[in-house]
Amino acid sequence: MRPAYYREQWEQIKPSPSAEDLKSLSQRVASAFVDRYFYSDEYNQEYIQLLCEMATSNAEPELNQLAAKSLFGIVIERLCDDFEELQTETYNRLISQVAGYLRALPQGQQLDERLQRFHLHSEDQLYQRVEAMRLTPDSVLPADIEPRKILILSRVTIGADVAVTSVICQRLAQAFPQAELVVLGNDKLRQIMTPASGIRIRELHYARHGGLVERFNTWLDLVADVEAELQGLSANEYLVFDPDSRLTQLGVLPLVADRNYRFFNSRGKQGYPVKGSISALCNTWLNNVLGDNNFNYPRVWLNEACLNTAASLRQQLCQHPAHRLITLNLGVGGNQRKRVAGDFEADLVLSLLQESNTTVILDMGFGDEEQQRSTYILDAARKQGITTHTTAFDSLTQVPPHTALLGVECNVGEIGALISHSDEFIGYDSACQHIGAALGIPTYTIFAGTSNARFIRRWHASGPNTSEIVYVDTLSREHEIDTVELIQRLHELRRE
């Protein structure tokens with residue numbers, strides 16, 4: 001339907017919308033924009049205007065968040081996941097329009113004032129700035145910049161921070177050993193970038209599930225933090241690296257002068273490897289910016305105490321030299337498309353436990369839904385007569401030595417430590433596949449939830465050891481998936 005139809009519906013429910021009505025309408029508006037865009041490359045700004053209104057007009061924050069979720073989940077994530085140049089241009093137009101809408105609101109006054117200080121007075125100026133940055137070839141850093149401090153923005157998700165941000169940190173530490181490296185992002189980064197990394201974390205939260213105002217207000221916090229970090233430094237004493245971060249809405253919102261700022265266009269530019277992983281693209285970008293020709297795999301720096309606990313557990317469970325330890329994480333970060341439904345997960349674990357001299361560690365996951373699925377797997381194994389045990393990471397010393405399937409409640413740093421002392425890691429496309437590969441552990445990813453080959457190539461795990469995927473189409477063939485064949489393919493990869 002055309003925008004006028006949806007506007008009429010919005011005007012009807014606007015005085016007192018129910019959550020159900022607002023969710024339904026915002027989803028249909030977002031999907032209508034995508035329909036028209038994919039069909040004829042039509043960018044109809046009225047759909048986006050409607051979504052902005054629905055995401056800011058309600059007194060209850062929860063209602064605003066429903067419409068914001070439709071805009072980001074249905075439109076924006078779809079534009080970003082394709083890794084196509086045309087979609088990138090459309091994303092830049094869209095975010096510039098949203099910023100233009102927000103800065104005209106009373107609650108957007110600070111946003112407007114900050115953008116004015118960057119001499120960006122209109123939606124079109126925002127768009128032209130980011131498009132120029134996207135289309136201009138990468139430029140080498142000015143020779144007169146000798147940074148005392150380098151700020152690196154987080155990619156917001158742990159998996160992307162391993163795959164991209166950790167590469168940037170390593171390369172910059174090598175190029176500028178005298179500079180302090182500061183990563184701005186979630187406090188969870190401290191679990192994979194401990195002080196041993198030489199990286200300081202400045203905590204900054206991005207409201208991934210918040211409303212439009214909250215998401216853009218994160219940029220205001222970011223600007224304030226950047227200014228605080230750079231206080232007392234001259235223009236030749238600092239650099240800011242943006243790895244295509246949500247903190248700047250993928251580079252649309254500015255931070256510092258262009259000569260001190262470098263932006264990683266993760267969709268790629270001319271000369272970037274067409275089939276490379278996002279880690280490979282990042283290295284290519286850094287070669288262009290730093291003027292060298294190096295390569296670093298992703299890396300994590302884990303807590304020494306956690307590593308020692310995991311090492312003790314391995315010694316306790318694997319008393320025979322031939323004994324193998326396999327760690328699994330079957331979390332999907334709330335994206336159920338990445339899951340293989342039915343009994344696949346339980347059948348996979350049971351098939352691994354049929355192998356002699358094998359113990360399986362199962363991350364119990366985050367949230368009720370993931371923990372319930374993990375409990376189901378443990379129950380299925382127990383019914384088969386398999387010795388199971390469930391515990392928290394802090395209580396691993398109490399695990400019976402003959403446990404075959406061990407469920408562990410742990411955080412990202414703790415599961416990283418367990419993976420580091422395992423012989424293999426198996427999981428869905430998630431942060432743990434990147435952690436496993438970065439640690440040099442043979443990593444096998446059940447890659448579901450997309451049919452986009454470029455997305456899979458970009459986000460497959462990158463590391464110095466084996467890293468393989470088993471692709472499964474959970475979008476169009478969910479009810480035709482042969483899980484026996486899928487598990488067999490995985491085992492054949494593991495035997496290569």
Side-chain angles (χ1 to χ4, degrees), residues 76-93 95 127-142 150 152-157 159-175 239-252 258-299 429 433-434 437-438 445 447 450-464 467 469 471:
I76 291 175
E77 295 300 332
R78 223 166 265 183
L79 293 174
C80 295
D81 286 352
D82 282 348
F83 285 93
E84 297 288 349
E85 187 171 314
L86 183 61
Q87 273 84 307
T88 304
E89 185 271 340
T90 302
Y91 169 87
N92 290 337
R93 291 178 65 186
I95 293 296
Y127 170 74
Q128 294 298 334
R129 172 194 165 273
V130 70
E131 277 295 285
M133 187 169 62
R134 177 176 73 88
L135 297 172
T136 302
D138 297 328
S139 59
V140 177
L141 290 168
I150 304 177
I152 304 108
L153 308 187
S154 165
R155 286 273 311 210
V156 174
T157 63
D161 276 324
V162 175
V164 179
T165 311
S166 77
V167 172
I168 297 173
C169 290
Q170 292 176 82
R171 294 289 302 272
L172 294 179
Q174 293 160 6
L239 292 167
V240 176
F241 279 72
D242 183 343
D244 212 2
S245 173
R246 282 276 177 228
L247 299 176
T248 58
Q249 295 302 328
L250 311 192
V252 174
D258 289 348
R259 75 187 304 269
N260 299 87
Y261 173 83
R262 289 297 181 271
F263 174 78
F264 172 42
N265 185 349
S266 66
R267 279 48 155 214
K269 289 187 177 182
Q270 189 172 3
Y272 286 17
V274 176
K275 298 180 181 180
S277 69
I278 201 164
S279 303
L281 263 69
C282 185
N283 274 287
T284 298
W285 168 63
L286 289 165
N287 286 340
N288 296 340
V289 169
L290 299 175
D292 56 23
N293 189 29
N294 294 328
F295 184 93
N296 283 77
Y297 285 113
R299 185 177 175 184
D429 168 33
Q433 68 153 338
H434 297 290
T445 303
F447 219 113
T450 181
S451 58
N452 186 316
R454 183 172 292 190
F455 180 87
I456 296 170
R457 289 172 183 147
R458 289 289 185 265
W459 285 112
H460 75 73
S462 176
S467 179
I469 73 159
Y471 171 69

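Bear in mind that the values here come from a model prediction, so they are computed numbers and not experimental data.
No donor-acceptor distance shorter than 3.5 angstrom exists from the side chain of Tyr272 to the backbone of Arg267, with no hydrogens or angles considered. Between the side chain of Asn283 and the main chain of Asn296, a donor-acceptor pair closer than 3.5 Å is present. Without hydrogens or angle criteria, Gln170 side chain to Tyr297 main chain gives a donor-acceptor distance under 3.5 Å. Counting only distance, with no hydrogens or angles, the side chain of Asp161 and the backbone of Arg155 share a donor-acceptor pair below 3.5 Å. Remark: the backbone N or O of Lys275 is not paired with any side-chain donor or acceptor of Arg454 at under 3.5 angstrom. Looking at Trp285, its side chain never comes within 3.5 Å of a backbone N or O of Ser266 through a donor-acceptor pair. Remark: side-chain polar atoms of Arg262 are paired, donor with acceptor, to backbone N or O of Ser139 under 3.5 angstrom. The backbone N or O of Asp242 lies less than 3.5 Å from no partner atom in the side chain of Ser245, so there is not a single donor-acceptor pair.
We find the OG1-CZ distance between Thr450 and Arg458 to be 13.0 Å, quoted to the nearest 0.5 Å. Once rounded to the nearest 0.5 Å, the distance linking OG of Ser462 with CZ of Phe295 reads 5.0 Å. One distance of note links NE2 of His434 with NE2 of His460; it measures 9.5 Å at 0.5 Å rounding. The CZ atom of Arg134 sits 6.0 Å away from the OG1 atom of Thr88 when rounded to the nearest 0.5 Å. Distance check: Tyr261 OH to Met133 CE gives 4.5 Å after rounding to the nearest 0.5 Å. Rounding to the nearest 0.5 Å gives a distance of 10.0 Å between OG of Ser279 and CD1 of Ile168.
Aromatic ring pairs are classed by plane angle as parallel below 30°, tilted from 30° to 60° and perpendicular above 60°; the pair Trp459 and Phe455 is tilted.
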Task: Evaluation steps, side-chain contact (heavy atoms from CB on, under 4.5 Å), between Ile95 and Leu250 - done: CA-CA 9 Å; Ile95 293 296; Leu250 311 192; over 6 Å; no
TODO: Check step by step if side-chain contact (heavy atoms from CB on, under 4.5 Å) holds for Glu89 and Tyr127.
DONE: CA-CA 9 Å; Glu89 185 271 340; Tyr127 170 74; 2.5 Å; yes
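In this structure, the side chains of Asp292 and Leu286 stay at 4.5 Å or more apart for every pair of heavy atoms. Residues Thr445 and Asp429 have side chains in contact (heavy-atom distance under 4.5 Å, counting atoms from C-beta outward). Side-chain contact between Asn287 and Arg171 is present, with at least one heavy-atom pair separated by less than 4.5 Å. Put simply, the side chain of Val130 does not reach to within 4.5 Å of the side chain of Phe263, judged on heavy atoms. Within the 4.5 Å cutoff, the side chain of Val252 has heavy atoms near those of the Tyr91 side chain. Taking 4.5 Å as the limit, some side-chain heavy atom of Ile76 sits within range of a side-chain heavy atom of Arg246.
Of all non-hydrogen atoms in Ala437 and Pro464, the two that sit nearest each other are O-CD, 3.4 Å. Thr284 and Gly271 make their closest contact through CG2-O, 4.2 Å (heavy atoms, listed as atom of the first residue, atom of the second, distance).
Annotation: Asp258, atom CG; neighbour count of heavy atoms from other residues, nucleotides and ligands within 6.0 Å does not exceed 12.
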